[in-house]
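Read through the structure below, which is laid out as structure tokens, and then see the notes.
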Amino acid sequence: MSESPDTRSLVSASSQLNLMDIDTIDDKEFDIPQVDTPPTLDSILNEPEDEDEPFILEDTCLLNAENMDAHSCETSSLASSDSGDRTHMKRRRRAVEMNVLVHGSVLKHSVLKGISAQMVSAADKVDAGLPTAITVSSVIAVGTSHGLALVFGMYPNQALRLCLGSTAVGAQYGAVSALSINHDCTRLLCGFAKGQITMWDLANGKLLRTITEAHPPGTAILHVKFTDDPTLAVCNDSGGSVFELSFRRVMGVRSCESRCLFSGSKGEVCCAEPLHSSSELRDHPITQYSLLAMASLTKILVIGLKPSLKVWMTFPYGKTDPASVPQLAWQFVLVQKMVNPMLAFCRGDTVHFLLVKKEESGTIHVIKQRQLQLSCDLISLTWINSRTLVLMDSLEKLHVVDRPSQETLETLDMAEVQLVYNSSHFKSLATGGNVSQALALVGEKACYQSVCSYGGQIVYLGTKSVHVMTLRNWRERVDYLLKQEKFVEALSLAWSFHEGTAKAVVGLYGDPAKKKGVVADKMVEILFQYVDRSLKKCPEQGKIQVMEQHFQDMVPVMVDYCLLLQRTDLLFGQIYGRLAENSVARGVFLQSLEPYILSERLGCLTAPVMRDLLGHFQDNGMMESVENCLVHMDITSLDIQQVVQMCWENQLYDAMIYVFNSGMNDYISPMEKLFQVIGPPLREGKSLTDEQVVMGNKLLVYISCSLAGRAYPLGDIPEDLVPLVKNQVFEFLIRLHSMEALQEEEVYPHIRTLLHFDTREFLNVLALTFEDFKNDKQALEYQQRIVDILLTVMVENSDFTPSQVGCLFTFLARQLAKPDNTLFVNRKLFDQVLEFLCSPDDDSRHTERQQVLLELLQVGGVVQFDESRLLYLAEKAEFYQICEFMYEKKHLYDKIIYCYLKDPLRKEEIFNYVHNILSIPGYSQEEKQSVWDQALKHMKELVTISPSKAADLVSLHFSEEVRSIIDRLEDDYMVFQFLKCLLDPREGPNPQGVLRLSPDLHELHLGLLCRFSPLQVTAFLKASQDYRLEEAIQITEQQGLQEATAYLLERKGDVQGAFQVLLQTLKDKLTTLTQESQEEEGEELRLQGVESALGDIIALCHRSSHSLNQQQREALWFPLLEAMMSPQKLLKGPNWRSTSEALKELTMQVLNSMTSFIALPAVIQRILQDPVYGRGKLAEIQGLILGMLETFNYEQTLLETTTSLLNHDLHWSLSHLRASVSRGLHPRQDHCSICLQQYRRQQEAQDEIIIFSCGHLYHCQCLQSKECGLAGERLQAWSCYKCTSSQGGRSGERVATETGRGRSTSLAQTKVTSRHRGSFGDLSGRKLFSDATLDAQQSQSWEQLRCIYRGPSRLAILTELSHTGGKEKPGLLNPSQPGSASIFHRENFQLKLSPPPLIEE
């Protein structure tokens, strides 16, 4: 058996579709409407074979619904693979996966050694030849290549009974190519490679018939099959035809009549399979029709031979591999508690199933079932029983498939069989190979005669041996796994037999209870073997972890299956007794019980195992596991006192409570023990430890569960104990003193302890409990009693904080607010609480007091107070949220503004509150107006809180009151912040809400901006457009902001004034630079100031120079140059060298900027006149002069390069233009487009022919008759008649300079003088050109053209002249307006080109 890497299971698919129970499938769902007029055999034979006709009975809904992936090819045998992959399971406390089906070894492979040896011996001794065909009944018949048929007996001795035929006959007839035995095993049909058929009597070996004329000669017999009628058989030859053979015996003379059922001329049949029924099914209503299935190369046909020939169904394969072998197999199956025949057929990798059934009305239906999709090419298809198929692929691998679930159960490699193929017979080599290529291609993998099934066995014929495949019974499959020591897989397989989920089950009979009993006994036997193996295979030496891992892998399997079989007696008896001999196994066994206990699968342990379990957990410090297990188990078998002591010592409080509750029905003792621990430290005012906090929390939850009728920590209290437990718990809580009370103990210690531990949670527990007290009179009495005790304990005691007192009264307010309330609380107590919370003498916990009182009011406690007194005390205590709550209730929204303003924690929220009141609908106009007035009144406070939010509020709701608001803001800086947020869209969160204020407010803001943030003035002036220029200039001049003043002057149009302002700024900074002391840090800052001022003034000059004349430009640039050069004469000495160099670089920057606007000689003259440069040596001004000359050289080089590129562009364009006008023209036809006569048939001496670039050809006279010529001074211009006519133009309006194919004219019209009888190739034609020179008018037009059309290339016009298409678009040469001023639309413009010189200069 081989292992294949691709192991895929269909368990998930089958579980989803619930295909295990076939009987639940609704037969009507698969029904196909009956065909009124079924097709006849003639219509089938005459239809074309190459059409992929659809199956007429196919149910498309069914196919869509069952489109599932069923790949099962290349899956290895589960008998030889470990299906329980432990890497995917938890190593510890692992549970066996029950949903993974293990199939084990399904097929049993046997070799018939006796028959195999005799076949080899016959080949050697009597020259029988190699085996070629086999058939099986109660005997086995093997045909040979030398024409013999060897008949062997079955088990046990497999002796040779008959040797039919002889080698002499074999030499005449050829090899045996097909065999068939009838149902009672009395006759044998042999088909031969040369076409003969013989019938033998198997009782005495006598030859009964030799049939030679049943089919056309020269074709081999591929199949010969008996039907259930012993007088009727069918045969299939290598011509693809199928014939019916009827055997008769009249007056002792045996005869055979042949009838053609299917002609190979309509498509070769490769396989024919009659429906055989067992003796039990002889009376089945379908058998009377003697059905025959035939598989051709394109489709399947099912016909009935009786009572008359009739076609029942056709089914095309669709697209398949032409080399695939068609397969057919019949089987009676049980569907819907009815046994009916099913045909399985395939070609390639898809197996289809057709169910044939007859209704009570007599109607016969052929129903398509769910198909099986594999991923391999099948060469054999066989039923081994009604639910299981055995398939062989082209790699000679067997696939055992369960048909209902479509699951592959096993895969076996059959390569060792050396299967016999029937290729030579399909190619009909014995008769000369006269078969079609398609049939020969199929025959390459045909093995029809080598595979035969009978009685649940499949026989395979090898070249030297015979092999039998049978299904193992269920015990053999389990034992096979046990031999390989695969105990887990064996147990899993046995459990599948127990549950009825196994596939291909054999040997398990009886009712379900009996089956389960038999399998359970086998599983117990396996479990004992598994226990013995786990102890024997345990490593005796090594690390303890290795031994633990060994048992952790094996012990959970034992526990799982004992629980599945409900055999805890076996688990805790014999199995635990055996494992307890090994200390490691004993520990692992006890630990593995925990997950089963926690999942409620194991609820009761025997007393010894329970003691061992608790002892093991306690010894190993696994007390958490002890607690988890105890609360899930029946503990009646334990020593209660011992367990309670253990739980208390190890802080297992849940387990302790559970033991008291479940073991003794004691619900009070656990509370007493817990109160004894947490009570004393709380009374002494000490902080609790973490352990005590846990105990307190558990106590609260336990009380809550007990009062609600739920068991702790899980489950429910028995219903008969619920009232008793509630009463006991209430009595315990309201006890005046504890059981072991000291003399100084205060009253009601239990309630007092819980209140001190966690007031809020204890009151929540009571609130949940009170919800259930509806009609219970005693419970209502307890409720009132507890409330009275709570008031007594908390109100009359100063140990509780305001928050705790507030929680109590909030709890009471909630209870009193309920509609069915029965509690009574003295209202004076609420007044006392109000005085306590609003006490002005105590400033501590102010926020806490306010939140407690607010929560009390919100839950309905407001009805318990006098509202006026409440408001008075809240204002006095500065509880502004309480005031807001009361004002909101009275709809006094304007007074809420006062609450926000006074509350330091919520001042910022006032803006959203005012905005919501004024914006959200639902408030009356009077309420909105009062809020608006109050907000306007306190606008100064709002601006102080947040200028930006105040500005947003003003822009939305107070836009008309801006001036009055500014008047109320007394502080200038506050006004500045308010205006800044109001006017600057980047400041506020609502930039879209910027107001359009009057200019005086903008100017006010400008003045304040100059005072408080001068650096932002220029940005504001650029962004705003609402101020007046004159007033803004006065403000900036008063504040001394030169940059802003210059910007305003420039905007006003006074460039000179702006220049003077910036120039004065630059001079001041230069003066500061030359007069200050030599400090490096200060010098660097001053230089940066000079650079900044110089950059501003250069930018101003650049912006202004474009609109000034030369004199005005000099009035700007020269003073700037003078200002930069004059300080340099003051910087003498080595100390000023760095400053001097920096100023010279800045001067060079000015000069470079000037050269774009001032002539270079004027600049040099001004420099030489300056004393700094004029009186010195040439070396001093050398750098300045060379810098200017370098700039000049760069511009000169740039100009020369541009000129060179322009000239090159001109030359290239003209050369291409010349080439386009001088190329030859090829006419489209050899006749004139006007007179339609060929020019060479004209008999005149000379005819001028005119050809246009569009390809049209005309006689000159014909063109003149249509007035398509335009006379010029030197050259007559012509236009194409057809093109001008199709474009709707007039012949005289077309210009002779337009070019391109399909255009009306060409750049040069060509006249060809035609001579008689000359072809176009022999013409001595001549092209007529004028002198190609430009006159003065044309030269002027060309220069004008170059000036008008400027672009990346000024000569692009020439390229367009030579490359423009026929359908001109508006562009450079084709303006969209016909009347435009383009020179090309002037009638007197002609472009004449002269050829380039022969030698370029």
Would you say the side-chain atoms of [X] pair up with the backbone N or O of [Y], donor to acceptor, closer than 3.5 Å?
X    : Y    : answer
H146 : D127 : yes
E268 : G264 : no
S145 : L130 : yes
E410 : L107 : yes
R347 : P322 : yes
H284 : V339 : yes
S238 : T219 : no
E476 : N473 : yes
S116 : L112 : yes
S450 : L419 : no

Could you check whether atom CD of Q288 has more than 12 heavy atoms from other residues, nucleotides or ligands sitting under 6.0 Å from it?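 Enclosed: over 12 neighbouring heavy atoms sit under 6.0 Å from CD of Q288.
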
Above 12 or not: heavy atoms from other molecules or residues under 6.0 Å from CG of N204?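 Above 12, so yes.
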
Side-chain heavy atoms of [X] within contact of [Y], under 4.5 Å:
X    : Y    : value
V356 : V302 : no
L150 : I115 : no
D393 : D377 : no
E257 : E244 : no
H399 : L374 : no
W383 : L389 : yes
I303 : M294 : yes
S177 : Y448 : no

Nearest non-hydrogen partners of [X] and [Y], listed with the distance:
X    : Y    : result
S380 : C447 : CB-SG, 4.5 Å
P307 : Y289 : CD-CD2, 4.1 Å
C452 : I134 : CB-O, 4.2 Å
R209 : R248 : NH2-O, 3.0 Å
C185 : V139 : SG-CG2, 3.7 Å
A344 : L381 : O-CD2, 3.4 Å

So, [X] and [Y]: side-chain donor and acceptor under 3.5 Å apart, yes or no?
X    : Y    : value
D229 : T227 : no
T350 : Q373 : yes
H103 : E407 : yes

Mutual orientation of the aromatic rings belonging to H352 and F345 [parallel < 30°, tilted 30-60°, perpendicular > 60°]: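 Rings of H352 and F345: parallel, under 30°.
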
Specify whether F243 and H215 have parallel, tilted or perpendicular ring planes, treating 30° as the upper limit for parallel and 60° as the lower limit for perpendicular.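 The arrangement is tilted - the two ring planes meet at 30° to 60°.
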
Is R472 positioned over the aromatic face of Y480, cation under 6.0 angstrom from the ring centre and no more than 45 degrees off axis?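 The answer is yes; both the distance and angle limits are met.
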
Do F426 and Y421 have ring centres separated by under 6.0 Å?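 F426 vs Y421: aromatic centres not under 6.0 Å.
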
Going through the distances and angles, do D349 and C376 end up as a side-chain contact (heavy atoms from CB on, under 4.5 Å)? CA-CA 5 Å; D349 59 357; C376 50; 5.9 Å; no

Compile the donor-acceptor pairs under 3.5 Å between side chains in residues 161-172 and protein atoms, sequence neighbours left out, one pair per line.
unit_1: S166; atom_1: OG; unit_2: V169; atom_2: N; d: 3.3

Can you tell me how far [atom2] of [Y] sits from [atom1] of [X], rounded to the nearest 0.5 angstrom?
X    : Y    : atom1 : atom2 : result
I181 : S137 : CD1   : OG    : 5.0 Å
N434 : L429 : CG    : CG    : 10.0 Å
R187 : D201 : CZ    : CG    : 4.5 Å
L189 : H223 : CG    : NE2   : 14.5 Å
L305 : D228 : CG    : CG    : 11.0 Å
L179 : T132 : CG    : OG1   : 7.0 Å

Evaluate the criterion side-chain contact (heavy atoms from CB on, under 4.5 Å) for residue pair M199 and C256; output intermediate values, then yes/no. CA-CA 11 Å; M199 179 185 287; C256 176; over 6 Å; no

Take L261 and V269, measure what side-chain contact (heavy atoms from CB on, under 4.5 Å) needs, and give me the verdict at the end. CA-CA 11 Å; L261 301 178; V269 170; over 6 Å; no

Could you go through the side-chain contact (heavy atoms from CB on, under 4.5 Å) check for T314 and V311 one step at a time? CA-CA 8 Å; T314 63; V311 177; 4.3 Å; yes

